[in-house]
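Below is one structure, written out as structure tokens, with a few remarks after it.
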Amino acid sequence: MQDITSFFGKFKSLIANGSAQREAIARIMKESIGAEIDPKKIVIKDGIATVPSNPVMRNELLLKKQLVLEKLKSDPATAGLRGVK
């Protein structure tokens, strides 16, 4: 019974890590471009975070992309991300 618990514990930590990354991305986006983003709508795939946005927010993100990437790399929860779009 202990083996099953430890097996599913690995998945639980992975899910928690993903939600922590989404929360950190939402916080960094709010600090950087001033946009409120629902963390549940952020999709992380292959090290790239896709943020749902309108055209104005997309342009703001493109203008401040370097600043956002620097903040993402400095945060321990999002250090593994390669980009945001």
Side-chain angles (χ1 to χ4, degrees):
M1 192 57 130
Q2 183 67 5
D3 294 331
I4 293 173
T5 306
S6 64
F7 176 74
F8 286 116
K10 294 176 186 176
F11 291 108
K12 184 178 179 182
S13 66
L14 288 175
I15 291 169
N17 189 21
S19 65
Q21 277 187 330
R22 288 187 194 92
E23 292 285 335
I25 292 168
R27 179 181 43 78
I28 289 171
M29 294 295 282
K30 183 174 180 174
E31 292 171 1
S32 301
I33 63 174
E36 289 280 338
I37 299 169
D38 184 14
K40 295 176 185 173
K41 294 183 179 181
I42 297 172
V43 177
I44 301 170
K45 185 175 179 182
D46 296 330
I48 298 176
T50 304
V51 180
S53 60
N54 58 29
V56 174
M57 192 166 48
R58 244 181 275 137
N59 284 336
E60 192 72 24
L61 177 60
L62 286 173
L63 290 172
K64 297 182 180 179
K65 191 169 187 171
Q66 193 63 33
L67 173 69
V68 172
L69 288 175
E70 288 173 6
K71 285 186 177 186
L72 286 173
K73 290 185 190 238
S74 67
D75 192 319
T78 59
L81 292 177
R82 296 180 305 163
V84 177
K85 62 177 186 175

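Atoms considered below: every heavy atom in the structure, side chains included; atoms not considered: hydrogens, waters and symmetry mates. Because the structure is a prediction, the values reported are computed rather than measured.
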In terms of heavy-atom contacts, A24 and A77 come closest through CB-CB, 4.1 Å
Check whether any side-chain heavy atom of M57 lies under 4.5 Å from a side-chain heavy atom of L61, and answer yes or no.
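No, too far: nothing below the 4.5 Å cut-off.
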So CZ of R82 and NZ of K73: to nearest 0.5 Å the spacing works out to 9.5 Å
NZ on K64 to CD on E31, rounded to 0.5 Å:
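Separation between the atoms: 12.0 Å.
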Could you tell me which residues satisfy side chain to side chain donor-acceptor pair (under 3.5 Å) with D75, sequence neighbours excluded, listed by chain and number?
R27
Which of L72, V84, L69 passes side chain to side chain contact (heavy atoms under 4.5 Å, CB included) with T78? Answer is L72
Using distance only, find each side-chain donor-acceptor pair of residues 32-53 under 3.5 Å and give its atom names and separation, not counting sequence neighbours.
| residue | atom | partner | partner atom | Å |
| --- | --- | --- | --- | --- |
| S32 | OG | I28 | O | 2.9 |
| E36 | OE2 | K30 | NZ | 2.5 |
| D38 | OD1 | K40 | N | 3.4 |

